[in-house]
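Shown next, in structure tokens, is the structure this report addresses.
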Amino acid sequence: MENVTSDTVAAAERPKTFDAFGRHINYLRVSLTDKCNLRCVYCMPEQVVFRPSDELLTDDELTTILEAASALGFDKFRLTGGEPTIRPGIVDIVARIRALPGTREIAMTTNGIRLRRLAEPLRRAGLDRVNVSIDSLDPARFRRMTRWGNVTDVLDGVYAAEAAGLTPIKLNAVVIRGFNEDDIAPLAALTLQHAWQFRFIEVMPFADVAEFQQATIVTSAEMIERIERELGPLTPENDGHLDGEARIYRLAGAPGAVGFISPVSAPFCASCNRVRLTADGTLRLCLLKDGEIDLKTPLRRGAQADDLAELMRSAILHKPWGHELGAGVIPLNRIMSEIGG
Ligand code: SAM
Ligand code: SF4
């Protein structure tokens, strides 16, 4: 018999929101800013123009939308961007999310550069864990991928996050042909020494950057082949089931695990449980489809959390089944840094 605790009773009593396909939507990914302290080649054009600050949600506006999400039963939140750690007030935003009723998990996707300073305060405010993006361990190749980043800053950030208890540590690399295919095996080898999960992501096409992204994609199958050739067999974990959006494997004797996120070659739309809030206050129903609803305008006209919850609930009924990259449908209205991944 199931062991019924006060937590399971509380969870059972929480409201639940479903889309038209019966998927339980409880995970909100929140882009806190479209701005970034790097310029990764697969994410944004070099001459990117960021939005004026007054187009972005204020902390209080963001809080009202998060209260609406919480009232709909959202219990998992991921802070992203742009680079979430450059948003002023980031620590207070985490504390506000932690104070919402029913919050189960708060995670952050970050390039890690500011974690050396922020890991500890973020942990104290209630952040559970981080995913840190690191596309190469080689300083020159890392710099070329990010246009000016320093990989030592990122590694320092990873160690600071681990020391602060923002665990389990997950690391992400997007693999781009001609830039970092040779880094796949060295990055996977980190899992032989650390209890980290290293996830390799297939590059996805967006708007102005789509042509570059489509020309440089490396599939998960090729990544697996490269790792096995250099480091030995990868054994599937979880009976081959997805962990979130990743398929997880392990190298023999490794304390850490290797994951593959394959939105292009093996979409995971059937198990999608998420929607996204952009930094300028729209609810985006699918990462790879342009459909969005504007929450900021009603909010600035006086809508309260209850009104926004109703708007969100009816929008979620229009969440598309899945993306159509295979049929050549590419998201055109935003680049990745505006959505947050
Ligand atoms: N700045 C943070 C970072 O880099 O982790 C958070 C925002 S970033 C947009 C979120 C994730 O999206 C990162 O792991 C990044 O590598 C990934 N990403 C960016 N552009 C992508 C693309 N075109 N295809 C696949 N992943 C992408
Ligand atoms: Fe910035 Fe992250 Fe995009 Fe790189 S992937 S440019 S770190 S938002």
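Both counts, for ligands and for their atoms, begin at 1 and track the order of listing. Positions are given from 1, in the same order as the sequence printed here. Since the model is a prediction, treat every value here as computed from it, not as a measurement. Computed from heavy atoms alone, side chains included, the values below leave out hydrogens, waters and symmetry copies.
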Give the atom numbers and elements of ligand 2 that come within less than 4.0 Å of a heavy atom of N111. 7 (S)
Is it true that the side chains of D294 and T297 contain a donor and an acceptor less than 3.5 Å apart? yes
Is G82 in contact with ligand 2, taking contact as a heavy-atom separation below 4.0 Å? yes
Show the atoms of ligand 1 that are less than 4.0 angstrom away from any heavy atom in Y42. 16 (O), 18 (N), 19 (C), 20 (N), 21 (C), 22 (C), 23 (N)
Atom 2 (C) of ligand 1: the protein heavy-atom neighbour that sits closest, reported with distance to 0.1 Å: E83 OE1, 3.4 Å
Just to confirm my output: which protein heavy-atom neighbour is closest to atom 10 (C) of ligand 1, and how far is it? G340 O, 3.5 Å
Output yes when the distance from some N or O of ligand 1 to some N or O of M204 is under 3.5 Å, and no in every other case. yes
Before you tell me yes or no, could you show the steps for F77 and Y27 under ring pair (Phe, Tyr, Trp, His ring centres under 6.0 Å), namely the whole-Å CA-CA distance, both residues' side-chain angles and the distance that decides it to 0.1 Å? CA-CA 6 Å; F77 299 89; Y27 178 14; 8.6 Å; no
E211 (side chain) donor-acceptor with V209 (main chain) under 3.5 angstrom: no
Would you mind running through ligand 1 and noting each atom that sits below 4.0 Å from a heavy atom of V203? 22 (C), 23 (N), 24 (N), 25 (C)
I'd like to check which ligand 1 atoms, numbered from 1 as shown, lie under 4.0 Å from a non-hydrogen atom of T80. 6 (C), 7 (C)
Does N172 approach ligand 1 within less than 4.0 angstrom via side chain, backbone, both or neither, non-hydrogen atoms only? side chain
So, Y249 versus F260, ring centres under 6.0 angstrom or not? yes
Per-residue contact class, E202 against ligand 1 - non-hydrogen pairs under 4.0 Å: backbone
Using distance alone, determine whether T109 and ligand 1 share an N or O pair under 3.5 Å. no
Would D153 and R114 count as a salt bridge (charged side-chain N to carboxylate O under 4.0 Å, His left out) if you check the C-alpha gap in whole Å, the side-chain angles of each, and the deciding distance to 0.1 Å? CA-CA 8 Å; D153 294 339; R114 301 199 72 226; over 6 Å; no
Out of C43, S31, P84, G112, who is nearest to atom 5 (S) of ligand 2 when you count heavy atoms only? C43
Under 3.5 Å, is there a donor-acceptor pair linking the side chains of R199 and N172? yes
Which ligand 1 atoms, with their elements, are less than 4.0 angstrom from a heavy-atom of N111? 2 (C), 3 (C), 5 (O)
Identify, by atom number and element, the atoms of ligand 1 in contact range of G81, meaning under 4.0 Å from any of its heavy atoms. 7 (C), 9 (C)
Parallel, tilted or perpendicular, judged at 30° and 60°: which one describes the rings of W196 and H194? parallel
Atoms of ligand 2 close to C36 [distance to a heavy atom under 4.0 angstrom, numbered from 1]: 1 (Fe), 6 (S), 7 (S), 8 (S)
Could you find the nearest protein heavy atom to atom 4 (Fe) of ligand 2 and give me its residue, atom name and distance? C40 SG, 2.3 Å
Is it true that the side chains of T278 and D280 contain a donor and an acceptor less than 3.5 Å apart? yes
Note the single closest protein heavy atom to atom 3 (C) of ligand 1, along with its residue, its atom name and the distance in Å. S133 OG, 3.3 Å
For M44, the ligand 2 atoms whose distance to one of its heavy atoms is below 4.0 Å: 6 (S)
Min N/O separation N131 to ligand 1 under 3.5 Å: no
Are Q197 and D243 close enough, and set up right, to give a side chain to side chain contact (heavy atoms under 4.5 Å, CB included), and what steps lead you there? CA-CA 11 Å; Q197 190 185 100; D243 170 23; 3.4 Å; yes
Rounded distance [0.5 Å steps], CD1 in I335 versus SG in C43: 6.0 Å
Any luck finding a side-chain donor-acceptor pair between N131 and R78 under 3.5 Å? yes
Could you walk me through whether F74 and K76 pass the side chain to side chain contact (heavy atoms under 4.5 Å, CB included) test, one step at a time? CA-CA 6 Å; F74 281 76; K76 178 172 176 187; over 6 Å; no
E83: which of T109, N37, N111 passes side chain to side chain donor-acceptor pair (under 3.5 Å): N111
Tell me, please: is M44 in heavy-atom contact with ligand 1, that is, under 4.0 Å? no
Check: of M108, M336, R29, E338, min heavy-atom distance to atom 20 (N) of ligand 1 comes from M336
Would you sort out whether R141 and D183 count as a salt bridge (charged side-chain N to carboxylate O under 4.0 Å, His left out), showing the intermediate values? CA-CA 9 Å; R141 283 205 290 268; D183 293 289; 2.8 Å; yes
Checking contacts here: is it the side chain or the backbone of T110 that comes within 4.0 Å of ligand 1, counting heavy atoms only? Could be both or neither. backbone
Can T63 and R96 be said to form a side-chain hydrogen bond (donor to acceptor under 3.5 Å, both in side chains), step by step? CA-CA 7 Å; T63 304; R96 289 186 191 202; 2.7 Å; yes
Within 4.0 Å of some non-hydrogen atom of Q213, the atoms of ligand 1 are 23 (N)
I need the nearest protein heavy-atom contact for atom 7 (C) of ligand 1: residue, atom name and distance, please. G82 O, 3.2 Å
With heavy atoms only and a cut-off of under 4.0 Å, state how V174 meets ligand 1: side chain, backbone, both or neither. side chain
